[in-house]
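First up is the structure itself, then whatever we jot down about it.
Order of the sequence lines fixes the chain letters, A, B, ..., with proteins taken first and strands second; residue numbering starts at 1 for each chain. If you're wondering where the values come from, they're calculated on a predicted model, not measured in any experiment.
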There are 2 protein chains.
Amino acid sequence: MLTTTRPTTGEGAQPDLAALASLLADRTRAAFCTALLDGRAWTAGELARHAGVAPSTASEHLTALVEAGLLAEVRQGRHRYVRLASRETAELIEAMSAAAPKAAPPRGLRAVHRSNALARGRTCYDHLAGALGVAVADAVTRQGWIAWEDGPSLTAEGRTGLAALGAELPARTRRPLVRSCLDWTERRPHVAGAVGAALCSRALEAGWLVRPGGGRAVRVTAEGRTVLAGTLGVPDEVLESAGA
Amino acid sequence: MLTTTRPTTGEGAQPDLAALASLLADRTRAAFCTALLDGRAWTAGELARHAGVAPSTASEHLTALVEAGLLAEVRQGRHRYVRLASRETAELIEAMSAAAPKAAPPRGLRAVHRSNALARGRTCYDHLAGALGVAVADAVTRQGWIAWEDGPSLTAEGRTGLAALGAELPARTRRPLVRSCLDWTERRPHVAGAVGAALCSRALEAGWLVRPGGGRAVRVTAEGRTVLAGTLGVPDEVLESAGA
DNA sequence: GGCACGTTTCGGCGGCCGCCGAAACGTGCG
DNA sequence: CGCACGTTTCGGCGGCCGCCGAAACGTGCC
């Protein structure tokens, strides 16, 4: 449990901002949450190796994050699978990442490769980010699918365009159709919300995009290149560098 | 500066989530940011007294928050005025507060009074929150000013209704007209975005609401009661308890 | 049943960080 | 000009917390 007294749900209870922030104020726990932004479930051991700490350390951190409700866990045999608790949690971590100061680039050839791959194209929980994500946002804007006055909104053309791509929107949710999400590599917004999620899942499902490393990084396939350049008008340079 | 190396803006720089979280992971700094959510500028001494720490301690905390870009400061004579750096910063703190665990209610008669006042009605940087904020959100929804399918949006009726109230919307911003903001006392959304800000500033300007304590808490005046009940149909119970 | 492996618990170490008080600085006011 | 007051700097204290390794636990596999 946290350092404060047991959480109360009664009247007058006020948010313990420091308690939440403390959970993410540690390099290791922050690394866990950032890794989990790929939306998949990781085992405790995978996260420990990823963050470069002993399994015992990772175990304690995970317990804290799960108890606080940031992560959800599923025990399967001798594995402990863990993922972000909800879309809201993912959005919070996204928002904080965008506001966070930028750390020095990683050292080591492998790490630099991974970092560059993430900068070219990645998923941000359930939508696209990186140079690719921003280019797609620009493209759909140029096509008139999304208008930006008074906040981002989906146009009628956008609705038919998405349908033509085979990207289905959920019906009657409270979730915003289009949400602007500040990209931390490009420092410009990309498309989140139901539309961003539909585009991304359709692209992965149709094989326009693949995840080479199994992580957050995405790569554009040959078919993807045709579709994204043809239908959306995404510039060739971006597709090239985000391609094979 | 932060514990990590100097922030880089070059390629491959990745967000230091832990560094940002560390800033808010302290009770005192968190209390500062929460207090500053009223949108006004506070002096260092006021914040120190508010958080119950020595002025020297507050000074150091403020330096850290300003250096990190979370707060903006204005030096005036022997006073150091400090406020949240931007609307984005305020929204981040709001979002984190909504996700944070709830601490035990405060002790002491005065603190309980303040806490109850906040729960009845308060500002959330530039819009309304608390029981009053949620009631207003419900009312404008019932009036058909705001629709919630596929995320909150302003209807045509809403536009004319706002104009009739004298609440002016800014022209052509990238800011969303309506944004949903989870209320931490009511656990239900209230209205943020340009519409929420316009409603709140109009209400304060017209004297429908006043800030009795000079903090975030707001109180409904007699005229306010007439307008909010008459035009918006806000229930009388809420207006009564949020009134004088 | 026994081994391997992923995970957990516990003790102990080390470092970081928030706190204060004392003293100094600068500004505004009388 | 000198005092009062808001603020800052610095040293030092204390506590918290993240880390590891060793040992134990439980599961799956041979």
Nearest-Å distance, [atom1] ([X]) to [atom2] ([N])?
| X | N | atom1 | atom2 | value |
| --- | --- | --- | --- | --- |
| Tyr81(A) | dT27(D) | OH | P | 16 Å |
| Leu62(B) | dG6(D) | CG | P | 15 Å |
| Gln76(A) | dT27(D) | CD | P | 13 Å |
| Leu65(A) | dT7(C) | CG | P | 15 Å |
| Arg78(B) | dT27(C) | CZ | C1' | 6 Å |
| Glu67(A) | dT8(C) | CD | C1' | 14 Å |
| Leu23(A) | dC17(D) | CG | P | 11 Å |

Is the phosphate of [N], meaning OP1 or OP2, less than 4.0 Å from a side-chain N or O of [X]?
| X | N | answer |
| --- | --- | --- |
| Arg80(B) | dT8(D) | yes |
| His61(B) | dC19(C) | yes |
| Ser59(A) | dT7(C) | no |
| Arg27(A) | dG18(D) | no |
| Arg29(A) | dG18(D) | yes |

Mutual orientation of the aromatic rings belonging to His50(A) and Trp42(A) [parallel < 30°, tilted 30-60°, perpendicular > 60°]: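 Because their plane-to-plane angle is over 60°, the rings of His50(A) and Trp42(A) count as perpendicular.
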Parallel, tilted or perpendicular: rings of Phe32(A) and His61(A) (30°, 60°): perpendicular
Nearest-nucleotide comparison on DNA chain D, the residue closer to the 5′ end among Glu46(B) and Ser22(A): Glu46(B)
N/O donor-acceptor pair under 3.5 Å between Ser115(A) side chain and Ala111(A) backbone: no
Donor-acceptor contact below 3.5 Å, side chain Ser22(B) vs main chain Ala25(A):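 Between the backbone of Ala25(A) and the side chain of Ser22(B) there is a qualifying donor-acceptor contact (under 3.5 Å).
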Let's see if you can work this out: which of [options] has an atom nearest to the side-chain heavy atoms of [X]?
| X | options | value |
| --- | --- | --- |
| Asp26(A) | dC19(D), dC5(D), dC19(C) | dC19(D) |
| Ala44(A) | dT7(C), dC20(D), dG28(D) | dT7(C) |
| Val53(A) | dC20(C), dC19(D), dG26(C) | dC19(D) |

Side chains of Ser56(A) and Ser59(A), donor plus acceptor under 3.5 Å: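 Looking only at side-chain atoms, Ser59(A) and Ser56(A) do not form any donor-acceptor pair under 3.5 Å.
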Donor-acceptor pair (no angle test) under 3.5 Å: Glu60(B) side chain, dC17(C) base: no
Distance-only donor-acceptor test (3.5 Å): side chain Ser56(B), base dG21(C):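 Present.
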Watson-Crick or G-U wobble partner for [N], using a 3.5 Å limit on both distances?
| N | result |
| --- | --- |
| dG30(C) | dC1(D) |
| dA22(C) | dT9(D) |
| dC16(D) | dG15(C) |

Under 4.0 angstrom, heavy atoms only, what part of the nucleic acid is [X] near: base, sugar-phosphate, or nothing?
| X | result |
| --- | --- |
| Thr63(B) | nothing |
| Arg49(A) | nothing |
| Arg75(B) | sugar-phosphate |

Glu223(B), CD atom: more than 12 neighbouring heavy atoms under 6.0 Å: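 More than 12 within 6.0 Å, yes.
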